[in-house]
Amino acid sequence: MKPVTFPVTRRPWQELRDAKLAERESKIPDEWRVEFDPEPTNLMSLAQNCGLLTPRELQITDNYDATSLLTEIAKGTYTSLEVTIAFCKRSAIAQQALNCLTEIFYDEAIERAKWLDKEFQKTGRTVGPLHGLPICLKDSVNVAGYDSVVGIAAYAFQPEKENSVIVDLMLKLGAVLYVKTNVPQSMMVPDTDNNVFGTTRNPIHKEITASGSSGGLAALIKFRGSLLGIGTDVGGSIRVPAYSHGIYSTKPSSGRLPYHNMKGYLEPGAETVGVLCVNAPMAVSYRDCEMLMRVIAETEPWLYDPSCQYLPWIQPKPLSRTLSLGVIRFDGEVQTLPPVTRALNEVCDKLKAAGHEIIELELYKFQDISDNAVDFFTVDGGEFLKSQLDITGEPWSTAVANGGMYPCEKKGISDFHAYSSVRAELQRAWLKYWEQTAQKTKLGLPVDALILPIQSFPARPDGFLIRSHFSRTWNLLDYPGIIFPVTTVDMAKDDIDMPPPLNDMDAKAQSTWAKGVRERLQGFPIGLQLVGQRQMEPKLFQTMDKIANVLGNVQ
């Protein structure tokens, strides 16, 4: 049996780029075009000020999270059609301002919404728990009839023949799909930039990265051109962009959400072994992430997707006792900058004041975990990606060229087996480490979850790559994590010089906090990461609920 290969287009990459950009441009109706200052620093108020959205459309897109909006649709407060049009229009504004979209299918979304409304009027019931909710997709999620370019020109004008399984299940649940969002070339660098669609902007500040690889998704959701979307995460790709935009995301363990028939930058089959990439929700509230994961679990996705395990969503018993939480403050290489340090300290102080226990922990075996993850990421030497670029003469993107990962030496099957053995030992070592935290807690129980940064620094300038071990550690261990915003950069509190750097990477991070540079981050969101044990997402959300009750400002 021959391995599956991706269809490709063998035209010069510049020609494909121009044609894709023209196609995308044609999908935005003339009456939805807006004019704005081409040089604003912050674009967050554009939707309210451009005059395109009606007061009711602003109400729909501004005042709800996905969970509460679904309630209003089910009550008949809003029709699926008016909700869909509102988010189509707002996403069109976002595209013109932020360059965040790849594929646009507004006409199909509107027809879908009309059908949902007819079913609702006929039966008096919603089609499913996602009835009428527009959900955006990362470009790597396949929608039949549309491209999944994933930042590689050779994949342009090669529409996918089948939906990703997660798309089929969301449609079954009543969702409306309307746009796909931009990614970096290779999806393995933390800036959303490629040679086909260009660079996605962060709506909070034009000089700050949208991050990656789910950067287009994050920019759209922050702009509230969507309330909920599906991205992916293999090393921080859903969590870092959420952090950089001050919104929420959840990276589940592998096997929780369907991942079959996704598009990647690796040769087909490569993402089924090694460090497993996962589909993951991003939203304006963490309860939206929980809701989406729960309703998908209720479809029994293991009956449709060989990548899913039998993981019913079992709600834990109410947790009446206080929490024991491990806190990790240092990633082993880069010191946390003042706003991140303050955010972590403030959260820990509030939790302790509420009676919860904080246990100081280390990022155990961080270097071994990081090295093992990179071994898996580079096992083919970048050869498949390079072969796909060479079809059209496409160069490496700037971010990939500067990322330091590709090209590299190709490894053999024996190396891959050795890496897998190391991974298993690291996962076993972390199980023991977590269990041994019981020796440090008052109740003699292991910690309920970990609180730590997602990276040691605030959102960084575009094109300025800094490594962080706080992200990909949990991909290799396959632990779930929730990103939640906590505070914002406040120069009245954070205008603090750093101690001497520990190494070159630390010096690079500190350069983003130099006097005269850090001031532009005033008001920028700072969030944290809550990590639980493998496949224990329901317990992790239960823990997040208790933390949110203490913090008060977390949805």
Side-chain angles (χ1 to χ4, degrees), residues 151 183-191 211-214 232-241 251 253-254 264-267 269-278 328 330-334 362-386 396-430 452-457 460 464-479 481 502-506 508-509 529 531:
V183 300
Q185 185 192 74
S186 87
M187 294 191 288
M188 284 300 293
V189 292
D191 283 334
S211 297
S213 60
S214 306
T232 63
D233 196 309
V234 74
S237 289
I238 195 87
R239 290 163 293 148
V240 174
K251 182 203 82 68
S253 296
S254 62
Y265 79 101
L266 298 171
E267 59 188 328
E271 287 190 314
T272 65
V273 292
V275 181
L276 297 180
C277 192
V278 295
I328 300 176
F330 179 45
D331 80 346
E333 183 176 25
V334 177
E362 63 174 313
L363 194 59
Y364 184 55
K365 292 187 177 290
F366 79 91
Q367 192 63 63
D368 293 337
I369 290 171
S370 180
D371 291 345
N372 190 231
V374 172
D375 284 339
F376 279 115
F377 294 153
T378 59
V379 72
D380 87 328
E383 286 189 3
F384 183 78
L385 173 60
K386 185 64 165 59
W396 300 103
S397 71
T398 301
V400 173
N402 294 340
M405 190 172 291
Y406 307 117
C408 55
E409 181 184 357
K410 184 177 181 178
K411 312 301 194 307
I413 188 66
S414 295
D415 295 304
F416 183 82
H417 291 161
Y419 302 153
S420 299
S421 176
V422 171
R423 178 190 57 188
E425 290 302 318
L426 290 169
Q427 290 173 327
R428 173 63 176 151
W430 250 92
L452 63 155
I454 179 63
Q455 57 188 33
S456 302
F457 37 90
R460 54 184 173 71
F464 200 88
L465 306 182
I466 308 170
R467 185 166 54 235
S468 174
H469 301 294
F470 284 134
S471 57
R472 61 189 173 199
T473 293
W474 314 114
N475 297 92
L476 189 115
L477 296 177
D478 202 20
Y479 288 5
L502 304 176
N503 48 58
D504 290 344
M505 191 59 65
D506 195 23
K508 195 172 185 181
Q529 182 174 201
V531 171

Undergrad: Considering the options R472, K365, E333, which one meets the side chain to side chain donor-acceptor pair (under 3.5 Å) requirement together with S370?
TA: R472
Undergrad: Side-chain contact, heavy-atom cut-off 4.5 Å: L465 with P190?
TA: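 When only atoms from C-beta onward are counted, P190 and L465 do touch, with a gap below 4.5 Å.
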Undergrad: Which pair of heavy atoms, one from V189 and one from S186, lies closest together, and at what distance?
TA: N-OG, 4.3 Å
Undergrad: At their closest point, which heavy atom of A373 faces which heavy atom of L476, and how far apart are they?
TA: N-CD1, 3.6 Å
Undergrad: Would you call S214 and I238 a side-chain contact if the rule is heavy atoms closer than 4.5 Å?
TA: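 Touching, per the 4.5 Å side-chain cut-off.
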Undergrad: Can a donor-acceptor pair be found, under 3.5 Å and without considering hydrogens, that links the side chain of S254 to the backbone of L276?
TA: no
Undergrad: Excluding sequence neighbours, so at least two apart, what forms ring-ring contact (aromatic ring centres under 6.0 Å, His included) with F366?
TA: H469
Undergrad: Over 60° means perpendicular and under 30° means parallel, so classify the ring planes of Y479 and W474, tilted if in between.
TA: parallel
Undergrad: Minimum heavy-atom separation for P241 and S211, please, with both atom names.
TA: CA-CB, 3.7 Å
Undergrad: Can you tell me how far apart CG (N503) and CG (D506) are? Round to the nearest 0.5 Å.
TA: 5.0 Å
Undergrad: Measuring only between side-chain heavy atoms, which start at C-beta, is L385 closer than 4.5 Å to W396?
TA: yes
Undergrad: Taking D375 first and then K411, would you say they form a salt bridge - that is, a charged N and a carboxylate O separated by under 4.0 Å?
TA: no
Undergrad: Kindly say whether C277 contributes a backbone atom to a donor-acceptor pair with the side chain of N475 at under 3.5 angstrom?
TA: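 Checking the backbone N and O of C277 against the side chain of N475, no donor-acceptor pair under 3.5 Å is found.
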Undergrad: Strictly distance-based, threshold 3.5 Å: is any side-chain N or O of Q455 a donor or acceptor partner for the main-chain N or O of F457?
TA: yes
Undergrad: What residues form a side chain to side chain contact (heavy atoms under 4.5 Å, CB included) with L266, not counting sequence neighbours?
TA: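 Expected list: A270, E271.
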Undergrad: Between I328 and Q529, is any pair of side-chain heavy atoms under 4.5 Å apart?
TA: no
Undergrad: What pair of heavy atoms forms the shortest contact from F376 to R423, and how long is it?
TA: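 It is CE1-CB, 4.0 Å.
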Undergrad: May I ask you to test the V531-L452 pair for a side-chain heavy-atom distance under 4.5 Å?
TA: yes
Undergrad: List the atom of S213, the atom of S237, and the distance in Å for their closest heavy-atom pair.
TA: OG-OG, 3.0 Å
Undergrad: Take D415 and K410 through the salt bridge (charged side-chain N to carboxylate O under 4.0 Å, His left out) test and state the conclusion after the steps.
TA: CA-CA 10 Å; D415 295 304; K410 184 177 181 178; over 6 Å; no
Undergrad: Do R467 and D504 meet the salt-bridge criterion of a basic N to acidic O distance under 4.0 Å?
TA: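 No, D504 and R467 are not salt-bridged.
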Undergrad: Show the atom names and distances, to 0.1 Å, of all donor-acceptor pairs under 3.5 Å that link a side chain in residues 398-406 to residues at least two apart or in another chain.
TA:
residue, atom, partner, partner atom, Å
N402, ND2, T398, O, 3.4
Y406, OH, Y265, OH, 2.6
Y406, OH, F377, O, 2.9

Undergrad: Indicate yes or no for a side-chain donor-acceptor contact from D331 to the backbone of F470 under 3.5 Å, with no hydrogens or angles considered.
TA: no
